[in-house]
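As structure tokens, the structure follows; a few thoughts come after it.
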Amino acid sequence: MTCKQALLYQSGELTPQEQEAFKKHLATCKACQAQIALASATEQSLTAPAAPAEVVDRVLLKTTRRPTVWSRFRTVFVGSVAAMVALAVGVGTYVRHQPVTNAEFVMYMSQTSQNEYATLSNDLDLFEQMY
Amino acid sequence: MSAHSDDELVVLFSQGQNDAFEELLMRHKNGLYQYIFSLVKDDGTAGDLFQEVFLALYKHAADFKAQGKVKSWLFLTARNKSLNYLRDHKSLTSLDEQDEEGNEFWHEILPDGEISHLEQLTQQENFERIRQIVASLPPRQQEVLYLRPYFSFKEIAEMVGKPIGTVLADCHRGLEKVRKILMEQPEVEL
Ligand SMILES: [Zn+2]
């Protein structure tokens, strides 16, 4: 019956007395030595591969390293401001060459700002869907 | 963080320490992923279920009564989610299937040459072969072999709801098949 204890010996689940008795048996039983060797090799082989990094990163990005609303908003916002500045410079250059009326300029700016705002709110919607 | 027990990490995390959650993730990610993959056999699904398990821990850590059971909770949650997935995809035939092969013990069957061969198994090149052979075993035997590095037979019996004798027999039969296949094709190149 002692050979049946090989797996429980390997998992450390024998009582101290059983363990002592099994150790003596193991010293002379080649079959138990082989089974324990195979059980250990199988354990090692099944624990060796790592979880894919991409899968672990996905958990981090949804938990402790989740981008904050502000960090995401900042990217969109800074982008929008840069676009506005570029636009103003462009319009300024245009104004110097071809005078426009104040009314035309205000009309132009408010239209483009609306487009910018629409883009920004689309981005925020997308962001909410993503998270 | 690595000096803390799982229970302590759950407490620290529920008090707002994110690095405690990350330590739990790092500590259990490999075993849990391999276990889920061994059940569902699909990388995409395994990744999704793995994520669900840790998101559940993340959300419920505050009301979590750990008491030495964090690892069991992670694996059991993974098991339930995997079995639900298999049930929904109509492929849950397997974990209850009977394996009626004999339960012979090795001293009756092992020639001397095999024994020395088995004792050489701790070489890296054998690991991939063993993984492939294990993947071909009946699901219940696979499950015990995948849980064994992380749990005692007694704990596995509780997790899968079977008597410890059944779990031991599944493990024994699984190892026996691994041995047979290794010995039948000892020189196969992968
Ligand atoms: Zn023996």
Side-chain angles (χ1 to χ4, degrees), chain A residues 1-16 18-19 21-69 71 130-131, chain B residues 13 18-19 21-22 25-26 29-34 37-38 43 46-48 50-51 54-55 57-58 105-110 112 114-124 126-131 133-134 145-146 148-154 164 168 171-172 174-176 178-179 182:
Chain A
M1 276 300 138
T2 321
C3 290
K4 289 201 173 188
Q5 294 181 321
L7 290 174
L8 288 171
Y9 172 80
Q10 199 243 353
S11 68
E13 290 176 83
L14 294 180
T15 66
E18 290 170 330
Q19 201 180 331
F22 186 83
K23 259 190 210 166
K24 288 191 187 105
H25 167 77
L26 185 61
T28 56
C29 179
K30 291 260 156 108
C32 281
Q33 290 167 18
Q35 185 175 33
I36 287 171
L38 179 61
S40 309
T42 303
E43 265 187 36
Q44 285 181 62
S45 69
L46 298 184
T47 53
E54 168 270 322
V55 170
V56 177
D57 286 349
R58 209 144 43 97
V59 172
L60 290 172
L61 283 175
K62 291 206 170 181
T63 55
T64 53
R65 303 190 192 179
R66 183 175 171 159
T68 60
V69 172
S71 74
M130 273 162 60
Y131 295 96
Chain B
F13 168 60
N18 275 346
D19 50 348
F21 176 80
E22 293 189 3
L25 174 62
M26 293 308 148
K29 67 185 174 71
N30 296 349
L32 207 64
Y33 183 86
Q34 301 308 332
F37 183 83
S38 78
D43 280 316
D48 290 347
F50 177 89
Q51 175 176 300
F54 278 101
L55 288 186
L57 175 66
Y58 187 80
F105 277 85
W106 291 17
H107 59 288
E108 300 157 11
I109 46 178
L110 280 189
D112 276 357
E114 284 195 10
I115 287 162
S116 59
H117 191 96
L118 283 171
E119 283 165 346
Q120 310 296 314
L121 282 173
T122 45
Q123 294 147 13
Q124 204 64 31
N126 285 313
F127 286 0
E128 180 55 33
R129 272 197 79 209
I130 293 177
R131 280 197 289 277
I133 298 170
V134 170
L145 292 176
Y146 268 97
R148 209 1 245 132
Y150 309 101
F151 299 98
S152 67
F153 285 107
K154 185 167 172 280
I164 188 167
L168 276 165
C171 183
H172 181 81
L175 288 173
E176 175 60 17
V178 172
R179 184 195 66 79
L182 278 176

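Reminder, nothing fancy here: chain letters follow the sequence lines and each chain counts from 1.
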Need one label for [X]: side chain, backbone, both or neither, based on atoms under 4.5 Å from any heavy atom in chain A.
| X | answer |
| --- | --- |
| B/Leu25 | side chain |
| B/Asp48 | both |
| B/Phe37 | neither |

Nearest heavy-atom contact between B/Tyr33 and A/Ala51 is CB-CB, 3.5 Å

**Q.** Minimum-distance pair of heavy atoms, taken over all atoms of A/Val59 and B/Gln51
**A.**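 Closest heavy-atom pair between A/Val59 and B/Gln51: CG2-CA, 3.8 Å.
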
Verify whether the ring centers belonging to B/Tyr58 and B/Phe13 lie closer than 6.0 Å. yes

Checked A/Ala48, A/Gly12, A/Ser11 vs chain B; the most non-hydrogen pairs under 4.5 Å come from A/Ser11

Of A/Ala50, A/Ser45, A/Ala39, the largest count of non-hydrogen pairs under 4.5 angstrom with chain B goes to A/Ser45

Can you find a heavy atom in the side chain of B/Gln34 that is under 4.5 Å from one in the side chain of B/Arg131?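 No, their side chains stay 4.5 Å or more apart.
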
Checklist entry - Would you call A/Gln10 and A/Gln35 a side-chain contact if the rule is heavy atoms closer than 4.5 Å? => result no

Assert top hit (heavy-atom pairs under 4.5 Å, partner chain A, pool B/Phe21, B/Phe153, B/Tyr146) equals B/Phe153

